[in-house]
A.B. asks: 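The following block contains the structure, expressed as structure tokens.
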Amino acid sequence: MTPRELTASLNPSQRDAATTVEGPLLVLAGAGTGKTRVITTRMALLINRGTAADRILSVTFTNKAAKEMAERIRELIGRRKVKPLISTFHSLCVKILRDEIEVLGYRKNFTIIDRGDQESLAREVLRSIRVQESTLKPGDLLAILSRWKTNGVQPESAGDHALDDREFLASMAYRKYCDRLRARNSVDFDDLLLLTDQLFAKHPDALKRQQDKFDYVQIDEYQDTNQLQFRLIQALVRSHNNLCVVGDDDQSIYAWRGAEVKHILSFQSHFPTAKIVRLEDNYRCTDEILNVANRLVSFNRERHHKVLRSTKKAVEPVRYEKFSDEVTEAERIGLEISYMIAKKNRQPSDFAILFRTNEQPRAFESELRRRQIPYVILGSQSFFDRKEIRDLMAYMRIISQPRDESALLRIINTPARSIGTTTIEKIMKRSIIEGSPFFEATRNAIASGELSERAGQSVLRFEEQLKTWRAMFATTNQSLGQSLRKLIESLKYKSEVERSYKEPAQVQTRLESIEQLADSVDDYTRRVANPRLQSFLDEIALNDRDEFGTDKKKELDQNAVKLLTIHSAKGLEFPRVYLVGMEEGLLPHKRSVEGTRQDIEEERRLAYVGVTRAQESLTLTFAETRRKWGKPRKTVPSRFLFEMRSDKQNEEAVEAE
DNA sequence: GTGTGTTCGCTTTTT
DNA sequence: GCGAACACAC
């Protein structure tokens, strides 16, 4: 396509944004104003002008968004094979660190620790400095460390940043936590950004190498960047300032994770020559839906003032529905969906059910299953949270990276192989004192008589087994999937599952998920040019996985009701949306209600994101009672419901009561 | 060291 | 109302 053809269907502001390719550019793009089109067109124009595709770096918020964007670019520039670098911040950092991390004292094949293992590591560290769990819980420690890390606070200076006793304890744990991670040659999620930041600060040559890779940089969902991400970008574009950022301050919903709206609000002070383009024509929602959204978000004080204009007339009003409890809420919505599919020629994929917390979908799930309506729960981590899956993942991690102690400790006695807690504790103690790897410490402990010959031998036998598996995964004459299946067989893991669970149904689902894991390894092998165990593990850790499992499941995904949290719905749109559980304590969430005005404002933005996902039809629902910890509790309708409705609608609602 | 029964505690949101 | 962590018996 010619440049003229590429921009023909854009409106004037969109065209302005897409064609401004040199220098800093801020695109303030409201919900549904076509920002993805602007970014992809912009990339296509650059490529058309002769810029090599891989010299444009595009950072997106999720891997899913990255894949979609790559697809759109390919459509725009035709058949030509292009490989633009589209990636999330975290995936980008993994790429950089896999090349450069050695100068920071790690080995290249570092593993990324998962959330569960992170918690056990935190627990272990707290124990080692004798902190009671009642004083500081592992989860709380991790939250504090994460906040420090995303602000670039080093262990050495953490003590100065401690605001109270708990944080002071956390500052002591910080050092230990980092040391242990390093000894395991593991990094956690925040480290990916933090280490890259350190790398750039301490090793100008490494920074130079990365800077030289890109002539143009674009960031999507810029309102959700945190301090480290901002620094990373600043460093990368320093020589040319060809930086285009796109975002919407009204959709900033990740402050709890360190995102700072100030980056988008003060873009011009960092880049004084920056041009600003506003996109305010909404092509997604009907005018009714947009009115609701605009009214709601106008209650926020901290924002750029803007009002989105709609381009679509409503056919249906926005509906507000009250149900007696959460089961009825699910039943009635299930009924309506099945009616619309059967009688109104609707597809399951037209519908999305959005909610605030991950416990909410349960009721909907069983309702939809009962009615045999295809559905999929998106963004749910649950598959990789299952015990079997985490065990097998740990096996693969310890096979890939012998120093990954978190993985080792998880599976060393699963299935049981006569290695008890006392044995492990003795070895660990020695390993920490000597600073030696686990199995070396084992041999030393046997030699010194600290460990009985019998106990020691079971550990060393396991080491031998690990070596065999490692060799098996390293051979090129069988696929990763085959190796994994052989591993499962040699562990007798399936009979272990059959033995462990009484309920045949439980055994069945667990065996199935093991099959699914093996299938997903096969999928990965097929998809990727150069499949390696380590990069499979990276994909899983970074949430960069395609829908795993069989082709059957994929078909289902394409035409199914989508169930997802509002957070994971960001950037998506659906013809018919149900925004459920509009209750005080849920949306706004209890924690925010107890918090500051800013916390409530973020919840309001979250509601705004939910509302603006809907293209044609929006239904807001709440239940008068909702079960919590098994007991039904009375609820109060969300304040946002009142804010969304016009004064007249609110009066009518009161009269109807 | 392994297998069991019981209590406790917990529920934001996720790259 | 479920799963993990603990206590206790073999």
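Chain letters run A, B, ... following the sequence lines, proteins first, then strands; residues in each count from 1.
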A.B. asks: Regarding A/K562 and the six-membered ring of A/Y375, is the cationic atom NZ or CZ under 6.0 Å from the ring centre and inside 45° of its axis?
C.D. replies: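 That pair does not qualify as a cation-pi contact.
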A.B. asks: Would you say A/S91 places a side-chain N or O within less than 4.0 Å of OP1 or OP2 belonging to B/dT15?
C.D. replies: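 For B/dT15, neither OP1 nor OP2 has a side-chain N or O of A/S91 closer than 4.0 Å.
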A.B. asks: Could you tell me whether the phosphate oxygens of C/dA5, OP1 or OP2, come under 4.0 Å of any side-chain nitrogen or oxygen in A/R123?
C.D. replies: yes
A.B. asks: Would you say A/S418 reaches B/dT2's phosphate, i.e. side-chain N/O to OP1/OP2 under 4.0 Å?
C.D. replies: yes
A.B. asks: Please report, rounded to the nearest Å, how far the C1' atom of B/dT2 is from the CZ atom of A/R454.
C.D. replies: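 One finds 13 Å between C1' of B/dT2 and CZ of A/R454, rounded.
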A.B. asks: What's the closest nucleotide to the A/H567 side chain, out of B/dC10, B/dT13, B/dT15?
C.D. replies: B/dT13
A.B. asks: Taking CD from A/E359 and C1' from C/dG1, how many angstroms apart are they, rounded to a whole number?
C.D. replies: 11 Å
A.B. asks: Round to a whole Å and report the spacing from CD of A/E260 to P of B/dT15.
C.D. replies: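 The answer, rounded to whole Å, is 20 Å.
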A.B. asks: Using a cut-off of less than 4.0 Å, is there contact between a side-chain N or O of A/N358 and OP1 or OP2 of B/dT13?
C.D. replies: yes
A.B. asks: Across the strands shown, which category fits A/Y254 at heavy-atom distances under 4.0 angstrom: base, sugar-phosphate, nothing?
C.D. replies: sugar-phosphate
A.B. asks: What's the closest nucleotide to the side chain of A/H589 if the choices are C/dA4, B/dT11, B/dT15?
C.D. replies: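 The answer is B/dT11, which lies nearest to the side chain.
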A.B. asks: Does A/F110 have A/R98 sitting over its ring (NZ/CZ under 6.0 Å from centre, angle to axis within 45°)?
C.D. replies: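 A/R98 over A/F110 ring: yes.
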A.B. asks: The side chain of A/T423 lies closest to which of these nucleotides: B/dT14, B/dT11, B/dG1?
C.D. replies: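 The answer is B/dG1.
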A.B. asks: Can you list the steps and then say if A/R613 with A/L354 is a side chain to side chain contact (heavy atoms under 4.5 Å, CB included)?
C.D. replies: CA-CA 9 Å; A/R613 297 311 96 194; A/L354 308 184; 3.9 Å; yes
A.B. asks: Between A/Y254 and A/F61, does the ring centroid distance fall short of 6.0 Å?
C.D. replies: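 When the ring centroids of A/Y254 and A/F61 are compared, they turn out to be within the sub-6.0 Å range.
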A.B. asks: A/K137 side chain N/O closer than 4.0 Å to the phosphate oxygens (OP1, OP2) of B/dC10?
C.D. replies: yes
A.B. asks: Of all the nucleotides listed (B/dT14, B/dT11, B/dT2), which has the minimum atom distance to the side chain of A/A416?
C.D. replies: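 Looking only at side-chain atoms, A/A416 lies closest to B/dT2.
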A.B. asks: What is the distance, rounded to the nearest whole Å, between atom CZ of A/R386 and atom P of C/dA4?
C.D. replies: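 Checked: the CZ to P distance equals 13 Å.
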A.B. asks: Do the side-chain N or O atoms of A/T422 get closer than 4.0 angstrom to the phosphate oxygens (OP1, OP2) of B/dG1?
C.D. replies: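 Result: yes.
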A.B. asks: Select base, sugar-phosphate, or nothing to describe what A/N413 touches, counting heavy atoms under 4.0 Å on all strands.
C.D. replies: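 Sugar-phosphate, backbone atoms only, no base.
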A.B. asks: How long is the line joining CG of A/L606 and C1' of B/dT14, in whole Å?
C.D. replies: 12 Å
A.B. asks: Under 5.5 Å between ring centres and under 30° between planes: true for A/F61 and the base of B/dT15?
C.D. replies: no
A.B. asks: Check whether any side-chain N or O of A/N226 sits under 4.0 Å from OP1 or OP2 of B/dT15, and answer yes or no.
C.D. replies: no
A.B. asks: Could you tell me the separation between the CD atom of A/E119 and the C1' atom of B/dC10, rounded to a whole number of Å?
C.D. replies: 12 Å
A.B. asks: In terms of the angle between their ring planes, are A/F462 and A/F439 parallel, tilted or perpendicular, with boundaries placed at 30° and 60°?
C.D. replies: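 A/F462 vs A/F439 ring planes: tilted.
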A.B. asks: Starting at the 5' end of DNA chain B and moving along, which residue's nearest nucleotide shows up first, A/G420 or A/T62?
C.D. replies: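 Nearest nucleotide further toward 5': that of A/G420.
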A.B. asks: Write down the distance between CG (A/L192) and P (B/dT14), rounded to a whole number of angstrom.
C.D. replies: 19 Å
A.B. asks: Roughly how many Å is it from CZ in A/R591 to C1' in B/dT11, rounded to a whole number?
C.D. replies: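 Distance check: A/R591 CZ to B/dT11 C1' gives 8 Å.
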A.B. asks: Is the charged tip of A/R605 near the ring of A/Y608: under 6.0 Å from the six-membered ring centre and within 45° of its axis?
C.D. replies: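 No cation-pi geometry.
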A.B. asks: Does a side-chain N or O of A/T565 approach OP1 or OP2 of B/dT14 to a distance below 4.0 Å, or not?
C.D. replies: yes
